[in-house]
Amino acid sequence: MTNLSTVQIDNAVSELSTFNDLARWACSQFNKAGLYYGHGTDNAWDEAISLLMQSLHLPFEMLEDNPESVMSSRLTIEEKQQIVEAIARRVNERIPLAYITHQAWFCGLAFYIDERVLVPRSPFAELINNGFQPWLNESPSMILDLCTGSGCIAIALAYQFEQATVDAVDISEEALAVAEINIQEHGLSDRVFPIKSDLMSALEGQVYDLIVSNPPYVDAEDMSDLPDEFHHEPELGLAAGDDGLILVDVMLKQAREQLSESGWLFVEVGNSQVHMQAKYPQLALDWIEFEFGGQGVFAVSKANLDAFYASATD
């Protein structure tokens, strides 16, 4: 593992001048260190640009509209010091960028992020932007975001379905504290409600038209192989037993009681899709095909859940 030394950091601050200088140097250091990308970008250059734009509090539209002006702009000593120190943290600690800048985007919305929650990266964004078509026949009025974490999915759902109430549920009080920050910052405290619950155990009697969940789903084998960056994230939000389905097994049974008659459950299981297909071959699941990347998300209707469990007891 290659770390940046104090001498390298000091030299970069004194010798580099422009936005482009810092971006090029950051990209070189990221490539040299062999960092893993998967928390918002997928390559060293985009990671470097994102770090600089966030550190300088500049809107990304400015880079799109005036790239030459941004890239050639000279930075102050204080700005360079802050940026180079952030680059050094990214390299030396292998910490995801969102935990350094405390910001991440989901569905085009900005969210506060720290190490109490996972960094948003779910393909659910595409489903939300498409209004969960063609599965939903009408706009849902009651929505549940199960395992809400930072609250990004719940908040994006509230933006998409403007008449809906969204319950943002998590077992972690620390995660709910972050979700509350984001709910307040987006001005949605009248429609998005953080609730502490072990899955749906505290929601008895409540019925939802749409349940969405991005739960912990990493199986034991994948947990042992995760890149260093993922070990900064709370294990509670990742690990889910040998097959990655500990929570999903319970969720499927609970959803029968919590879904309206025309309701749908959408769950992300990632690489544990193979376990899901092997474990539930008789359950009618729709596996989503995403236009913009992502996999391992299924949809199942209340009707198909009822039929599956009714046949299992016959």
TODO: Mind checking side-chain hydrogen bond (donor to acceptor under 3.5 Å, both in side chains) for Ser28 and listing every partner two or more places apart, or none if nothing turns up?
DONE: Arg24
- [ ] Check for a donor-acceptor pair, side chain of Glu126 on one end and backbone N or O of Glu291 on the other, with a separation under 3.5 Å.
- [x] yes
Open item on the list: Test of understanding: with side chain to side chain contact (heavy atoms under 4.5 Å, CB included), list the residues that count as partners of Met71, not counting sequence neighbours.
Closed with: Phe19, Asn20, Trp45, Ile49, Leu63
Open item on the list: Can you list everything that forms a side chain to side chain contact (heavy atoms under 4.5 Å, CB included) with Ala26? Sequence neighbours excluded, please.
Closed with: Phe30, Ala48, Ile87
Open item on the list: Between Val212 and Phe132, is there a side-chain heavy-atom distance shorter than 4.5 Å?
Closed with: yes
Open item on the list: Side chains of Asp249 and Tyr280, heavy atoms from C-beta outward: is any pair under 4.5 Å?
Closed with: yes
- [ ] Report the C-alpha distance between Ile155 and Ile183 in whole Å, list the side-chain angles of each, state the deciding distance to 0.1 Å, and finish with yes or no for side-chain contact (heavy atoms from CB on, under 4.5 Å).
- [x] CA-CA 7 Å; Ile155 290 167; Ile183 291 167; 4.1 Å; yes
TODO: Give me the one residue out of Leu203, Leu265, Val207 that meets side-chain contact (heavy atoms from CB on, under 4.5 Å) with Gln258.
DONE: Leu203
- [ ] Applying salt bridge (Lys or Arg N to Asp or Glu O under 4.0 Å), name anything that partners Glu93, two or more places apart in sequence or on another chain.
- [x] Arg89
Open item on the list: Using the side chain to side chain contact (heavy atoms under 4.5 Å, CB included) criterion, which residues pair with Thr6? Sequence neighbours excluded.
Closed with: Asp10
Task: Listed partners of Gln254 passing side chain to side chain contact (heavy atoms under 4.5 Å, CB included), at least two apart - done: Leu199, Met200, Val250
Task: Evaluation steps, side chain to side chain donor-acceptor pair (under 3.5 Å), between Gln81 and Glu85 - done: CA-CA 6 Å; Gln81 187 72 47; Glu85 288 177 356; 2.9 Å; yes
Task: Beyond-backbone contact of Asp114 with Glu174, side-chain heavy atoms, under 4.5 angstrom - done: no
Open item on the list: Any side-chain to backbone donor/acceptor pair from Asn130 onto Gln133? Under 3.5 Å, distance only.
Closed with: no
- [ ] Give me the ring orientation class for His102 and Tyr112: parallel if the planes are under 30° apart, tilted from 30 to 60°, perpendicular past 60°.
- [x] parallel
